[in-house]
Amino acid sequence: MNEQKSVSISGLAKKLVQAELIDAQTASLALDVASKKKIPFVAYLVEKNLIPDELIAQTASTAFGDPLFDLNAIDLEIIPKEIVSEKLIRKHHALPLFKRGNRLYVAVSDPTNLEALDEFKFHTGITTEAILVEERKLVETIEKVLSDKESSALSDLQDTDLDDLDISGMEDIEKTEEDADSDVDDAPIVRFVNKVLLDAINRGASDIHFEPYEKTYRVRLRQDGILSEFASPPVNLAPRLAARLKVMSRLDISERRIPQDGRFKMKLSRNRAIDFRVSTCPTLFGEKIVMRILDPSSAKMGIDALGYEDYQKELFLNAIHRPQGMVLVTGPTGSGKTVSLYTALNILNVAEVNISTAEDPVEINLPGINQVNVNPKAGLTFSSALRAFLRQDPDIIMVGEIRDLETAEIAVKAAQTGHMVLSTLHTNSAPETLTRLINMGVESFNLATSVSLVIAQRLARRLCIHCKKAVNLPHEAMIEAGFTEEELKEKFTLYEPTECPQCNKGFKGRVGLYEVMPVSEEIGKIIMAGGNAFDIEAQMLKEGCLNLRRSGLNKVKLGLTSLEEVYRVTKE
């Protein structure tokens, strides 16, 4: 106790010590390190898991008399995004929430952050008041708001800006005089391609298809999982469009007979860049080129944005925080498996652990994680990368996909020897994942003792909040859809899509449907007894887990999606 009194601290740190949430020596050290690193004191406490951010907020609210607010309850649309600059928000780690009369209410995680309130008052000319919020939620909300600001700035880009977009991937290409002349001649092609890329980003598209046919040429965008036609340039431009896209991606423009893969980066602002993964394929009338749009912000959405039920989220977080075991995510291409894995990696990505990933290809760069791009032609396969990881003192390993027995066996062995392994498979449901691994040749005993959680997922289109329309269905139809008599006694409304300028045919964005199955002792016994997927599913349902259809019906009850959309993504 005497030791604590000998340390001089004040402000929030003093209140936390008085509340016995931290000792004085640790608080003093944290203040010193945070100051040297130039990060907020509360941010350092939360980053190092010294005190949960909820406890910090509650203690600060009681000690300083500032109101405590849950940022999850605020509509981001009402936040005055333009009232202060991004630089000021990031500098002070504070966010203006709303104006009431002649007062501006500012979200802070540290009520002693008076400098922020003073500077906000100076720049806006409005009296400021602090509202206390939890640190993690403040960080997430600031990123969302600033991302929205960039998106709106992006949508305001004029045609005159299209020639000046910063696209990396072209610097090392040597240009002859002839090439330079052709670039001048192809200025309209450059502008057209840049406009397609910008429009695709603005619309939230995940893929762009450039498709040549005998007498037509079309450009299609995949939005919310559905392809729709976007543009039809003259067919005689097909070779020049292909050449432009290949030059951007550093591909061989003289080679048109075999498929090629490349990538490039488009810098939209100082803080935001979008990666494009490019694939070419020779077709009957020219090269079809497909671009996958890789937005790093999608990997940082946070688990709350993915759409898990509360108990599913708890199972997921418990499984990935175990010191060893295997978590498998399964589903068809485009079902969001990669985002789920990246979300887990972001949660686990702290300085105390060594994380290595083997991917084909690496889609999004994650600082702090050792990412390996597998290259089978050079002999770098998933299995060889996995073997190398095991000699690199790993804590967490992510394998992009388990495709063969060799990879599966090494992954299982890693999970049994003190490592957390994350991976994906292409199966239709969680129970089928286990039987698929057994069919590959993995021993049932090894499987039962290594796999801790299996997640099957789909992405359903989210109904537009501006134009969705309530619909009434007969009682019999609701029962046939899968609702129970008990549920129908509850009050909930079904909605169907219409269409408005804010959405894409009644939908905007997507929400995840999940089948989260922990491998319990009973399921392990079924695996070792040679049970099939039906036996495992029966036990899964008996243990209270939701299957994909049931998860979808819950989203329908919440008004997030339509019954038809759930049928579309969960049909068997």
Side-chain angles (χ1 to χ4, degrees), residues 43 46-47 49 52-55 57 70-74 76 109 133-148 204 206 294-323 325-331 334-350 352-353 355 357 363-364 366-369 395-398 400 420-424 430 452-460 462 509-518 545-546 548 550-552 554-555 558 560-561:
V46 173
E47 178 191 323
N49 294 317
D53 54 349
E54 315 92 72
L55 278 180
D70 183 1
L71 278 175
N72 287 343
I74 195 165
L76 297 184
S109 57
V133 297
E134 294 167 25
E135 167 65 20
R136 291 186 197 278
K137 290 180 182 176
L138 178 60
V139 172
E140 288 175 11
T141 308
I142 286 175
E143 291 307 321
K144 285 178 186 174
V145 167
L146 296 182
S147 174
D148 287 346
S206 60
L294 306 169
D295 187 352
S297 64
S298 66
K300 298 177 182 175
M301 290 192 304
I303 190 169
D304 291 322
L306 297 183
Y308 284 97
E309 305 276 340
D310 288 341
Y311 90 93
Q312 292 178 331
K313 181 173 81 170
E314 190 178 343
L315 287 172
F316 180 57
L317 291 173
N318 287 343
I320 64 173
H321 280 108
R322 290 174 62 171
M326 187 186 292
V327 174
L328 298 171
V329 183
T330 182
S335 60
K337 299 188 298 295
T338 302
V339 170
S340 289
L341 287 180
Y342 279 163
T343 300
L345 291 177
N346 266 313
I347 293 168
L348 298 169
N349 187 14
V350 292
E352 290 79 13
V353 296
I355 304 177
T357 75
E363 295 203 357
I364 295 171
L366 297 174
I369 292 175
D395 296 296
I396 298 161
I397 296 169
M398 193 268 267
M420 169 49 60
V421 180
L422 309 172
S423 191
T424 71
S452 50
L453 188 75
V454 185
I455 301 171
Q457 68 179 76
R458 301 288 187 277
L459 290 176
R462 192 187 288 265
R510 288 190 284 180
V511 63
L513 312 182
Y514 299 95
E515 187 174 276
V516 180
M517 184 185 78
C545 300
L546 302 181
L548 285 167
R550 185 65 255 177
S551 176
N554 283 358
K555 298 296 188 295
L558 293 171
L560 297 177
T561 190

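Being a predicted model, the structure only gives us computed values, none of them experimental.
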Side chain to side chain contact (heavy atoms under 4.5 Å, CB included) between Val327 and Ser452, worked out: CA-CA 6 Å; Val327 174; Ser452 50; 4.1 Å; yes
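- The closest donor-acceptor contact from the side chain of Glu515 to the backbone of Leu548 lies under 3.5 Å.
- In terms of modelled atom types and a separation under 3.5 Å, the side chain of Lys555 and the main chain of Gly307 share a donor-acceptor contact.
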Full working for side chain to side chain contact (heavy atoms under 4.5 Å, CB included) between Met420 and Met398: CA-CA 8 Å; Met420 169 49 60; Met398 193 268 267; over 6 Å; no
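- Within the model, atoms CG of Leu345 and CD1 of Ile369 stand 4.5 Å from one another, a figure rounded to the nearest 0.5 Å.
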Chi angles and distances behind the side chain to side chain contact (heavy atoms under 4.5 Å, CB included) call for Glu314, Tyr308: CA-CA 9 Å; Glu314 190 178 343; Tyr308 284 97; over 6 Å; no
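- Checking each of Ile455, Leu315, Val329, Leu546 against Tyr514 for a side chain to side chain contact (heavy atoms under 4.5 Å, CB included) leaves exactly one that passes, namely Ile455.
- Listed for the Thr330 side chain is no donor-acceptor partner under 3.5 Å among the backbone atoms of Ala456.
- The NZ atom of Lys337 lies 14.5 Å from the CG atom of Leu422; values are rounded to the nearest 0.5 Å.
- Separating the OG1 atom in Thr561 from the CG atom in Leu513 is a distance of 7.5 Å, to the nearest 0.5 Å.
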Derivation and outcome, side chain to side chain contact (heavy atoms under 4.5 Å, CB included), residues His321 and Leu348: CA-CA 8 Å; His321 280 108; Leu348 298 169; 3.9 Å; yes
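- Val516 places none of its side-chain heavy atoms less than 4.5 Å from the side chain of Lys313.
- Residue Thr357 holds its OG1 atom at 7.5 Å from CG of Leu366, rounded to the nearest 0.5 Å.
- Arg322 contributes atom CZ, which lies 12.5 Å from atom CD1 of Ile320 (distance to the nearest 0.5 angstrom).
- Without hydrogens or angle criteria, Lys137 side chain to Asp70 main chain gives no donor-acceptor distance under 3.5 Å.
- When atom types are taken as modelled, the side chain of Gln457 and the backbone of Gly336 share a donor-acceptor pair closer than 3.5 angstrom.
- Remark: side-chain polar atoms of Asn349 are paired, donor with acceptor, to backbone N or O of Pro367 under 3.5 angstrom.
- Here the straight-line distance linking atom CG of Leu306 with atom CG of Leu459 works out to 9.5 Å at 0.5 Å rounding.
- Applying the side-chain hydrogen bond (donor to acceptor under 3.5 Å, both in side chains) test to Asn49 and every residue at least two apart in sequence or in another chain returns Arg136.
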